Amino acid sequence: MSQVTITVDAQDYRVEEGSLLIEVLIQNGIKIPYFCYHEALGADGNCRMCMVEIEGQKRPQIACDTIVKEGMGVRTKGENINGVRQRILELELINHPVDCPVCDQAGECKLQDFYMDYGLYDSHIDMRQKIHGKKHVDLGSNVMLDQERCVLCARCTRFTADVTKTHELGIIGRGDHARVSTMPGRKLENPYAMNVVDLCPVGALTSKDFRFHQRVWFLKSTPSVCHGCAMGCNIFIDHNKAKYKEDTIYRFRPRRNDAVNGHFICDAGRLSYKALQENRQKEFELGGDSCTEQEALEAVKTAILEAQNITILIDANLYNEEIERIIVFASGIGATVLCPSDCYYDESFGDTWLKKPWRAANIEYINRTEIEHRLPEGSVDLLISFNHPSSKTVDSRLKIIFATHQGHKADILLPISLFSESSGSLTNIHGMTQHCEKAVEGEAPDLIRLVDMIEGEL
Amino acid sequence: MRDARIVSRRFDIPQIHTIEVARNHGAYEKLHWAFALSSDEIITMIHESGLRGKGGGGAPAGDKWSLMPLNDSRPSYLVVNCDESEPGTFKDRQIIVKDPHLLIEGIILTCYAINAHHAYIYIRGEYAPFQQILQTAIDEAYRAGYLGASADGSDFALDITIHRGAGAYICGEKSALLESMEGKRGHPRLKPKQKECEWYFGNPTLVNNVETIASVPFIVYDGPMAYRAFGTAKSPGTLLFAISGHVERPGVYEAEFGVSMMEYINRFGGGIKGGKKLKAVIPGGASTAVLTAEEAAGATLDYETLQSMRSALGTGGMIVMDEDTDMVEALKNLLEFYRHESCGQCTPCREGTGWSDIIVHNILEGTASSTDIDRLLQLSRTMNGQTICVFAPAVSMVIDSFISKFRDEFEAKLRKDL
Amino acid sequence: MSFVLTPKHLEQIEELKGRYPSAHALALPLLWMVQEQEGVITLDAIDCIAPYCDLPSMELYRIATFYTMFHLEPVGTYHIQLCKTLSCALCGKGEILERLQAKLGIKAGETTADGRFTISQVECLGSCGSAPVMQINEEYHENLTPQKIDEILEALE
């Protein structure tokens with residue numbers, strides 16, 4: 001692809017010929033306001049916010065409908081263009097209820113951001129003459145609609161029309177009575193529906209799951225990878241540790257990665273943060289009674305030393321580093337490592353886009369090791385399960401279970417951290433290895449640390 | 001003012017809408033002859049005649065025709081715009097009711113020139129009774145062999161289909177019209193960066209107004225110079241001007257470009273109703289800047305003169321207002337129209353038409369503030385040149401002209417002394 | 001689904017399909033057929049016609065809400081559509097509306113209790129030379145006067 005040189009605000013840029021000016025501006029970190037353009041949905045040209053001045057053009061042009069050309073001179077700043085943006089922004093706000101204090105989008109709202117950048121004028125319209133729309137409409141799939149806050153950028157409707165092709169949302173009516181809606185009596189209903197909440201640049205679409213739980217400016221975002229299936233969709237873990245409270249995850253959001261999930265994630269993955277934090281295994285237990293870490297580790301050591309044969313079950317959601325550590329550990333104690341995988345396979349979950357029927361984040365890494373995908377044959381003397389969901393189906397004299405969540409029955413039970421509480425890498429179904437950062441400070445110990453300690457005792 | 005009837009020359013003949021009478025008066029007679037010409041020869045004639053689009057824009061028809069590819073693997077289409085919805089405009093319906101065969105013959109010639117084998121007539125939904133008459137004429141033309149597999153015995157195949165709109169002014173905008181014909185809401189398309197033809201389902205398409213197409217037979221048969229014999233150098237030919245509002249004889253009367261506006265109003269329109277004084281004229285459909293009586297007195301009906309007066313010829317549909325007209329009420333009436341008809345796609349138009357309507361409402365109600373007139377003017381500037389189509393800029397021109405020329409009336413309302 | 005197209009309409013659809021480069025073009029013609037059949041456009045009917053134009057129901061619903069002549073709510077047997085735009089307003093539309101409202105005992109936007117009449121105010125009907133003007137269903141009534149309104153309504157009763 002050939003390159004052209006354009007000048008933006010008196011600085012030269014070498015850019016790909018034929019690309020959209022707005023893309024060039026975004027990629028080069030040049031500030032440009034916009035509502036309707038979205039990198040996943042393309043240009044629509046309806047909001048008119050991305051106005052720039054182009055040398056030789058009488059009037060300001062929208063950057064999302066401008067193709068770069070050799071020698072093009074662009075101005076994105078200055079009194080003139082800011083004035084244009086201010087006046088268009090004022091029109092976006094003319095029928096807006098300005099209810100920011102009770103709006104869940106506050107803090108991540110483009111109307112607010114642009115008002116700070118280009119607005120800062122006094123209101124010129126009588127609130128009573130604003131057009132009223134429906135408020136708190138439950139669209140379905142955890143999405144709430146407030147028609148009055150909508151800027152009609154059509155991102156959500158383009159998502160259901162062009163991306164999911166489910167066509168639940170549309171802009172109906174016309175003129176200043178145009179509004180986003182479903183068909184009367186029908187619901188927003190598709191496995192990716194909640195992406196419209198992220199797509200919405202304003203507070204028109206909010207998540208029923210997230211709204212009113214946390215103000216966004218308190219949240220910290222940590223890059224990670226979803227563990228909902230083997231796709232490895234990139235996410236942000238948004239969490240906050242309030243005073244005297246545990247560090248808590250409030251939501252997962254898609255993190256753009258064009259090689260994996262693009263801009264989106266599925267609703268099941270998005271909402272998987274909830275179960276993650278519930279019913280955590282917090283205590284070390286011996287024979288069902290809580291004990292100290294030291295007592296548990298002692299008991300593990302004794303059990304290993306006394307065992308005739310040892311089988312290890314390994315969860316296909318563990319990090320690559322954890323799996324490798326366990327393999328080394330197993331060979332040291334002469335244990336067989338297995339990963340029965342039937343329990344992870346759910347045909348009904350899969351689709352042709354992001355949802356894979358393998359509901360284990362690291363099944364592909366297991367595939368690349370010697371670990372067999374089966375249950376142990378016959379009776380086992382000692383079973384050590386690293387959080388594997390099928391532990392209870394195995395018949396064994398003695399069971400040691402390392403568990404993130406409650407619900408396991410074992411002679412020795414050891415709590416371990418969640419993926420969000422430690423860092424590591426995962427290999428997705430397409431063989432791509434991705435890193436997850438530690439997001440949350442947890443109370444349960446790190447699995448590798450426990451294994452190190454056990455090995456040290458032997 | 002001399003007689004200048006090209007499109008309307010058969011209008012007064014009884015039963016001319018039937019094919020029998022139309023043929024007795026020359027309809028389809030010279031088709032044979034035209035089919036011996038080449039595409040290029042016909043397009044050259046249209047160029048030379050200086051024919052300009054008669055739907056409001058006034059773009060040279062020859063230029064538009066030349067954008068059609070003649071040897072494309074895709075089919076080409078002609079779409080005839082009969083979505084006549086510009087307030088003050090009711091001329092195209094005269095053609096389809098009074099002389100539908102003239103339009104059909106124009107379509108045949110145009111399609112032959114641009115190598116299209118299917119023409120659509122997009123007609124506004126309200127015109128159902130007139131659509132009936134046009135459909136009857138099309139059926140007659142099929143039966144007589146002028147349409148169908150071999151038009152007039154030639155090897156040129158042509159079908160005509162009427163496509164009915166359903167109530168949306170914006171569909172008169174050609175790209176919105178095509179969207180509508182593609183089974184969508186009538187949202188104008190983003191404009192292409194270079195000059196190109198229109199596209200209907202990705203196929204090259206020519207969109208022309210009814211009257212433009214109805215002017216084609218005269219130009220082809222009588223020659224471009226015969227057409228240029230009327231009008232001015234830059235606005236050649238004639239137009240079915242229309243006149244409504246406060247005049248004695250409202251109606252549609254064809255005249256050549258360049259005639260005096262007042263002479264037209266007085267001679268065809270019979271002067272101002274009830275012998276009152278003239279206050280203002282909207283010259284070419286609601287979306288052109290209003291002229292004061294003084295300006296009207298100096299105006300001639302051609303594109304250049306009206307443009308030089310910072311207005312436009314538009315559709316040539318004049319709305320005449322007498323001395324008793326409340327100009328604030330008149331603007332309010334138009335703003336309600338625009339607010340109702342904005343497609344709502346892009347922000348300045350969607351919100352601007354609504355807000356300007358509210359401001360003028362407040363002025364009429366006496367609840368506006370002293371700065372609201374200037375606010376309206378600023379809003380009007382925001383609506384100009386920042387939208388996908390020319391709808392909002394037209395509204396802007398209307399607002400500016402009403403306020404700049406009749407500001408005292410707006411201020412009087414603010415002072416509540418009227 | 002209770003709505004079905006009549007055999008006449010099915011035949012028309014087949015004929016129309018041959019006239020357009022894509023079935024999508026049938027959206028407006030199909031909505032017109034529904035309104036002709038039912039007087040109103042129901043969601044049920046939208047679902048029924050959607051496959052014929054190869055469009056999702058939502059697109060048809062969006063179209064139906066865009067074009068003002070499509071009725072998503074029923075209107076009276078006689079739908080009086082009085083033009084309210086400038087030329088008609090200048091030529092006495094106000095007194096025509098008053099007379100209509102007084103005669104029928106309803107306001108613009110309302111339907112008589114017996115469901116016979118609806119009065120709507122509509123934008124320019126393209127009949128400015130014969131203002132004031134109204135349509136009753138599809139029929140134009142031009143050069144209206146209050147007396148003419150009396151005659152027209154009496155003829156309908």
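Reminder, nothing fancy here: chain letters follow the sequence lines and each chain counts from 1. Everything numeric here is computed off the predicted structure, so don't read it as measured data. Note that these values count all heavy atoms, side chains included, but never hydrogens, waters or copies made by symmetry.
Looking only at heavy-atom pairs under 4.5 Å with chain B, the residue among Gln35(C), Glu59(C), Glu138(C), Glu139(C) that has the most is Glu138(C). When Ala330(B), Ala242(B), Ser180(B) are compared by the number of non-hydrogen pairs under 4.5 Å with chain C, Ser180(B) comes out ahead.
Looking at Glu182(B), the atoms closer than 4.5 Å to chain C (heavy atoms on both sides) all sit in the backbone: N, CA, C or O. Of the atoms belonging to Gln135(C), it is side-chain heavy atoms, and not backbone ones, that fall under 4.5 Å from chain B. Within the 4.5 angstrom heavy-atom criterion, only side-chain atoms of Tyr120(B), from C-beta onward, approach chain C. Of the atoms belonging to Glu341(B), it is side-chain heavy atoms, and not backbone ones, that fall under 4.5 Å from chain C. Only the backbone of Ile162(B) comes within less than 4.5 Å of a heavy atom of chain C; no side-chain atom from C-beta onward does. Using a 4.5 Å cut-off between heavy atoms, Arg124(B) touches chain C through its side chain atoms alone. For a residue to count as touching a neighbouring chain, one of its non-hydrogen atoms must lie under 4.5 Å from one of that chain's; by this rule Ile63(C) touches chain B with backbone and side chain alike.
Panel note: side chain Thr68(C), backbone Gly167(B); a donor-acceptor pair is recorded below 3.5 Å. A donor-acceptor pair under 3.5 Å links the side-chain atoms of Asn333(B) to the main chain of Lys84(C), judged by distance alone. Panel note: side chain Trp32(C), backbone Gly165(B); a donor-acceptor pair is recorded below 3.5 Å.
Between Glu142(C) and Arg93(B) a salt bridge is recorded (basic side-chain N to carboxylate O distance below 4.0 Å).
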Run the side chain to side chain contact (heavy atoms under 4.5 Å, CB included) test on Glu126(B) and Tyr140(C) for me, step by step, so that the C-alpha distance in whole Å, both residues' side-chain angles and the decisive distance to 0.1 Å come before the verdict. CA-CA 9 Å; Glu126(B) 293 86 345; Tyr140(C) 274 81; 3.7 Å; yes
What do the steps show when you test Phe90(B) against Ser127(C) for side chain to side chain contact (heavy atoms under 4.5 Å, CB included), and what is the final call? CA-CA 6 Å; Phe90(B) 45 103; Ser127(C) 207; 5.8 Å; no
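For residues 19-29 of chain C, the interface with chain B (any heavy-atom pair closer than 4.5 Å) comprises Arg19(C), Tyr20(C), Pro21(C), Ser22(C), His24(C), Ala25(C), Ala27(C), Leu28(C), Pro29(C), sorted by residue number.
Side-chain contact between Arg185(B) and Thr65(C) is present, with at least one heavy-atom pair separated by less than 4.5 Å.
The environment of Gln101(C) atom CD is dense: over 12 non-hydrogen atoms of other residues, nucleotides or ligands sit within 6.0 angstrom.
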